[in-house]
Protein chains: 2
Amino acid sequence: MNGRFQIAVHILTLLHSAGGESLSSDFMAGSININPVLVRKELSSLRKAGLVQSKEGHTGGYSLAKPAKQISMADVYKAVEQAPLLGKARNTPNPACTIGKQINQHLNTLNKQLNDAVIKQLGYQTLEQFCNQFK
Amino acid sequence: MNGRFQIAVHILTLLHSAGGESLSSDFMAGSININPVLVRKELSSLRKAGLVQSKEGHTGGYSLAKPAKQISMADVYKAVEQAPLLGKARNTPNPACTIGKQINQHLNTLNKQLNDAVIKQLGYQTLEQFCNQFK
DNA sequence: TGTACTGTAATAAAAAAAATTACAGATGAA
DNA sequence: TTCATCTGTAATTTTTTTTATTACAGTACA
């Protein structure tokens, strides 16, 4: 179980708190307390999802690509989550068994329904609302 | 990310399909295609949650502790899930940073809200309904 | 033109998950 | 009664995943 979502939220919160100023991956790594390369990797996902923008070179860094009001926690989730919510089984059920043969298909359906519910729930909260909790 | 939920559902589906007959952990391990000890560990959680019952000894084995109609997918989730849905960060954010100092608290709140939503969603489906999908 | 960045790839180290081994205890069958 | 077949766990090893580290090419500005 990894912590990509947490890291992504932490990054976005830092960027929002910077109020438009751009931040470097090294600076953010210091607040999150993880390796800067991981931060850049996460930022790469967030950039591809259109949530942050980056600038290379001397005065480079990262900033939000759009107002925090227009970024929902569902957007963050969609940007970083890859594995099914309820975990991913590494086994291959016995195809000679009636249950084993079909179970993955039904579990996938369940996972999809749940994923939709989670995205809906996370869609209720914006990054701005999340950040406003900080005093 | 582990596959405990999948395994638990697989176990319960097998037990339901057995129609009251008890099954051994070895038999179930064969359908799921994982180690029998893992199956017994999972069954241990399910037993503690009141979803299955077991009998030791020669003609021992496992069976459902109540009708599949009275077991919801939320019950299964609650019986086996331990880690937060969106993953668990292993870092300790920098306490000298305003954001770092508070972020875990706010992420926990978010996680709790999401957990409630997931339990609600999973509560809509019973084990019986899940099993009825199998042909 | 050198310094401070981003962007990745490749590799190593650490942590988590799963498999395996081992064995005590229960229960019914031979 | 004793043996075979189970459950229930603990301890250990193996495998897989996650995170950290190293390395370096490319960009932009001072």
Side-chain angles (χ1 to χ4, degrees), chain A residues 1-8 10-11 14-15 18 21-30 32-49 51-65 80-84 86-94, chain B residues 1-8 10-11 14-15 18 21-30 32-49 51-65 80-84 86-94:
Chain A
M1 182 141 285
N2 65 30
R4 291 189 61 191
F5 180 80
Q6 276 85 351
I7 290 168
H10 199 143
I11 287 171
L14 288 169
L15 292 179
E21 289 292 302
S22 79
L23 299 176
S24 74
S25 58
D26 267 41
F27 174 82
M28 293 189 268
I32 305 173
N33 197 18
I34 61 169
N35 194 282
V37 176
L38 265 194
V39 177
R40 293 206 286 272
K41 272 187 189 163
E42 212 52 54
L43 280 158
S44 178
S45 299
L46 294 172
R47 182 165 42 77
K48 281 165 190 160
L51 304 184
V52 309
Q53 58 196 180
S54 61
K55 187 184 159 197
E56 295 188 25
H58 196 159
T59 54
Y62 302 85
S63 57
L64 292 182
V80 306
E81 287 302 331
Q82 63 304 69
L86 295 174
K88 186 180 155 199
R90 279 175 272 280
N91 62 315
T92 39
N94 188 344
Chain B
M1 182 143 285
N2 65 29
R4 291 188 61 191
F5 180 80
Q6 277 85 351
I7 291 168
H10 198 143
I11 287 172
L14 287 168
L15 291 178
E21 290 292 302
S22 79
L23 300 177
S24 74
S25 57
D26 267 40
F27 173 82
M28 291 189 269
I32 305 173
N33 197 17
I34 60 169
N35 194 282
V37 176
L38 263 193
V39 178
R40 294 206 285 273
K41 273 186 189 163
E42 212 52 56
L43 280 158
S44 179
S45 300
L46 294 172
R47 181 166 42 77
K48 282 165 190 160
L51 305 185
V52 308
Q53 58 196 181
S54 61
K55 188 183 159 198
E56 296 187 25
H58 196 160
T59 55
Y62 303 86
S63 57
L64 292 182
V80 305
E81 286 301 331
Q82 65 305 68
L86 295 174
K88 186 178 154 201
R90 278 176 274 278
N91 61 315
T92 40
N94 189 344

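Below, chains carry the letters A, B, ... as their sequence lines are ordered, and counting in each starts from 1. Because the structure is predicted, anything quoted here is derived from the model rather than measured.
- One can place CD of A/Glu42 at 15 Å from P of C/dT6, the figure rounded to the nearest angstrom.
- In this structure, the side-chain contact (heavy atoms from CB on, under 4.5 Å) partners of B/Asn33, at least two apart in sequence or on a different chain, are A/Thr92.
- As rounded to whole Å, 11 Å separates atom P of C/dT8 from atom CG of A/Leu43.
- Closest contact between the side chain of A/Ser44 and the listed nucleotides C/dT8, C/dT3, D/dT5 involves C/dT8.
- Between A/Lys48 and A/Met1, the residue anchored nearer the 5' end of DNA chain C, judged by the nucleotide with its closest heavy atom, is A/Lys48.
- Under the side-chain contact (heavy atoms from CB on, under 4.5 Å) criterion, B/Gln6 pairs with A/Ala89, A/Leu107, A/Asn111, sequence neighbours left out.
- Note that the two end axes of the helix from C/dT1-D/dA30 to C/dA30-D/dT1 enclose an angle of 10°, each drawn from 5 base pairs, rounded to 10 degrees.
- Here the C1' atom of nucleotide C/dA18 and the NE2 atom of B/His10 are 17 Å apart, to the nearest Å.
- Counting heavy atoms from C-beta outward, B/Gln82 and B/Asn2 have side chains that approach closer than 4.5 Å.
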With a cut-off of 3.5 Å and sequence neighbours excluded, list every side-chain donor-acceptor pair involving residues 23-30 of chain A.
unit_1	atom_1	unit_2	atom_2	d
A/Ser24	OG	A/Phe27	N	3.1
A/Ser25	OG	A/Arg40	NH1	3.2

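- In this structure, B/Ile7 places its CD1 atom 12 Å from C1' of C/dA19, rounding to the nearest Å.
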Identify the pairs formed between an N or O of the protein and an N or O of nucleotides 20-25 of chain C at a distance under 3.5 Å, and give each distance.
unit_1	atom_1	unit_2	atom_2	d
C/dT20	OP2	B/Asn35	ND2	3.3

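- Residues forming a side-chain contact (heavy atoms from CB on, under 4.5 Å) with A/Ala83 (at least two apart in sequence, or on another chain): B/Met1.
- The residue A/Ile34 sits close only to the backbone: its heavy atoms come under 4.0 Å of sugar-phosphate atoms, none of a base.
- To the nearest 0.5 Å, the span separating CD1 on B/Ile11 from OG on B/Ser45 amounts to 9.0 Å.
- For A/Asn33 and D/dT21, the CG to P distance is 10 Å, given to the nearest whole Å.
- At whole-Å resolution of the value, CG in B/Asp26 and P in D/dT7 are 7 Å apart.
- Taking atom CD on B/Gln53 and atom P on C/dT27, their separation rounds to 14 Å, with Å as the unit.
- Between the NE2 atom of B/His58 and the P atom of D/dT7 there is a distance of 11 Å, rounded to whole Å.
- Between the A/Asn91 side chain and the B/Ile34 main chain, no donor and acceptor come within less than 3.5 Å of each other.
- Under the 3.5 Å distance criterion, the side-chain polar atoms of B/Arg4 are matched with a main-chain donor or acceptor of B/Val80.
- Closest-nucleotide positions on DNA chain D for B/Leu23 and B/Arg90 were compared, and the one nearer the 5' end corresponds to B/Leu23.
- With DNA chain C read from its 5' end, the first of the two nearest nucleotides for A/Tyr62 and A/Ala89 is the one closest to A/Tyr62.
- Residue B/Gly60 is the one, among B/Gly60 and B/Asn91, whose nearest nucleotide of DNA chain D lies closer to the 5' end (criterion: closest heavy atom).
- Between A/Ser54 and C/dG7 there is a side-chain N or O to OP1 or OP2 distance below 4.0 Å.
- One finds a side-chain N or O of A/Lys55 lying less than 4.0 angstrom from the OP1 or OP2 phosphate oxygen of D/dC29.
- Here B/Arg47 lies in heavy-atom contact (under 4.0 Å) with sugar-phosphate atoms only.
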Determine, stepwise, if the pair B/Leu14 / B/Ile32 fulfils side chain to side chain contact (heavy atoms under 4.5 Å, CB included).
CA-CA 9 Å; B/Leu14 287 168; B/Ile32 305 173; 4.3 Å; yes

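- In this structure, the side chains of A/Ser22 and A/Tyr62 stay at 4.5 Å or more apart for every pair of heavy atoms.
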